[in-house]
Asks: 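Shown below is the structure under consideration.
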Amino acid sequence: ENKTLVDRMVDAHAAVKEELDRRTDEKWAIAACVFDTQKVAARLVQAVTFLGFAALDCREDVFKQQGHQAKDKCVIDIGIMVASLAIAANMISISVINCPHTLEYMPNNLCA
């Protein structure tokens with residue numbers, strides 16, 4: 001194949017650009033993995049916090065003292081705790097897809 005110097009330069013430029021794009025994608029994938037993992041930790045902390053609130057708010061003596069408002073607060077505490085655990089579970093499943101143990105960029109994982 002007889003390529004001109006310009007054609008070879010265009011091919012070289014395309015190859016360099018493709019490699020730079022791949023490296024950029026790899027860095028973004030690793031960053032997403034790190035942030036997703038941090039979100040899991042934050043949601044678990046939130047769930048534990050609202051478990052503590054529920055332990056304080058969902059007692060019979062509190063219900064008797066504060067009435068229906070205390071029951072509403074109890075339900076909200078439990079609801080937020082359950083929602084936080086559900087979101088954490090979802091984020092864990094996303095992390096399993098996006099975060100290989102080697103932290104290598106694996107774009108085909110996104111299609112799982």
Side-chain angles (χ1 to χ4, degrees):
E1 179 178 322
N2 291 331
K3 288 189 173 186
T4 67
L5 178 60
V6 172
D7 290 336
R8 287 187 295 207
M9 289 177 69
V10 168
D11 290 347
H13 172 74
V16 168
K17 180 167 179 3
E18 184 177 318
E19 178 62 17
L20 288 175
D21 289 346
R22 187 196 65 76
R23 287 182 183 181
T24 299
D25 290 345
E26 178 180 345
K27 289 176 184 176
W28 278 111
I30 291 171
C33 173
V34 169
F35 286 121
D36 288 346
T37 305
Q38 290 175 347
K39 288 180 198 176
V40 170
R43 288 300 181 163
L44 291 174
V45 168
Q46 184 181 31
V48 170
T49 300
F50 277 89
L51 174 64
F53 288 149
L56 296 173
D57 296 335
C58 299
R59 296 188 326 240
E60 192 170 331
D61 60 326
V62 174
F63 293 158
K64 288 179 183 176
Q65 187 180 32
Q66 297 179 4
H68 190 69
Q69 186 177 8
K71 290 180 183 179
D72 290 345
K73 190 167 183 328
C74 174
V75 169
I76 291 170
D77 292 344
I78 292 171
I80 292 173
M81 180 188 66
V82 170
S84 296
L85 290 172
I87 293 169
N90 185 32
M91 296 306 298
I92 289 169
S93 65
I94 289 172
S95 294
V96 167
I97 293 170
N98 291 340
C99 299
H101 68 285
T102 59
L103 284 181
E104 291 177 14
Y105 177 57
M106 301 171 78
N108 293 335
N109 280 4
L110 301 176
C111 300

Asks: Thr4: which residues meet the side-chain contact (heavy atoms from CB on, under 4.5 Å) condition with it, sequence neighbours left out?
Replies: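 Thr4 satisfies side-chain contact (heavy atoms from CB on, under 4.5 Å) with Val6, Asp7 only.
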
Asks: Side-chain contact, heavy-atom cut-off 4.5 Å: Leu44 with Leu85?
Replies: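 They are in side-chain contact.
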
Asks: Tell me which donor-acceptor pairs under 3.5 Å the side chains of residues 32-39 have, and how far apart each pair is, sequence neighbours excluded?
Replies:
from	atom 1	to	atom 2	distance (Å)
Thr37	OG1	Cys33	O	2.8

Asks: Could you pull out all residues at least two apart from Val45 that satisfy side-chain contact (heavy atoms from CB on, under 4.5 Å)?
Replies: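 Thr49.
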
Asks: State whether the number of non-hydrogen atoms from other residues, nucleotides or ligands found under 6.0 Å of Glu19 atom CD is greater than 12.
Replies: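 Atom CD in Glu19 is packed in, count exceeds 12.
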
Asks: Please give the remaining members of the hydrophobic cluster of Leu56, linking ILVMFWY side chains under 4.5 Å, ordered by chain and number.
Replies: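 Members besides Leu56: none; it forms no cluster.
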
Asks: By the rule that ILVMFWY residues connect when side-chain heavy atoms come within less than 4.5 angstrom, directly or transitively, which residues belong alongside Val48?
Replies: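 In the cluster with Val48 there is nothing else; it is isolated.
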
Asks: Under 4.5 Å between side-chain heavy atoms, chaining through other members, with only Ile, Leu, Val, Met, Phe, Trp and Tyr counted: pull out the rest of the cluster around Met9, sorted by chain and number.
Replies: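 Under the 4.5 Å side-chain rule, Met9 groups with Leu5.
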
Asks: With sequence neighbours left out, write down each residue that passes salt bridge (charged side-chain N to carboxylate O under 4.0 Å, His left out) with Glu60, or none if nothing qualifies.
Replies: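 Only Lys64 meet the salt bridge (charged side-chain N to carboxylate O under 4.0 Å, His left out) criterion with Glu60.
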
Asks: Could you list who else is in Val75's hydrophobic cluster, with ILVMFWY side chains joined at under 4.5 Å, directly or through other members?
Replies: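 None; Val75 is a cluster of one.
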
Asks: Quick one: list whatever passes side-chain contact (heavy atoms from CB on, under 4.5 Å) with Ile80, sequence neighbours left out.
Replies: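 Ile80 satisfies side-chain contact (heavy atoms from CB on, under 4.5 Å) with Gln46, Phe50, Ile76, Ser84 once adjacent residues are dropped.
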
Asks: Between the side chains of Glu26 and Arg23, is the shortest nitrogen-to-carboxylate-oxygen separation below 4.0 Å, so that they form an ion pair?
Replies: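 A salt bridge is absent here (no side-chain N lies under 4.0 Å from a carboxylate O).
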
Asks: List in chain and number order the residues that pass side-chain contact (heavy atoms from CB on, under 4.5 Å) with Asp72, two or more places apart in sequence or in another chain; answer none if no residue qualifies.
Replies: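 Here the qualifying residues are His68.
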
Asks: Considering only residues two or more places apart or on different chains, which pairs with a residue in residues 52-84 satisfy disulfide (SG to SG under 2.5 Å)?
Replies: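 Non-adjacent pairs meeting disulfide (SG to SG under 2.5 Å): Cys58-Cys74.
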
Asks: Mind jotting down which residue pairs meet the salt bridge (charged side-chain N to carboxylate O under 4.0 Å, His left out) criterion with at least one end in residues 84-99? Sequence neighbours excluded, please.
Replies: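 For residues 84-99, and leaving out neighbouring residues, there are no salt bridge (charged side-chain N to carboxylate O under 4.0 Å, His left out) pairs at all.
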
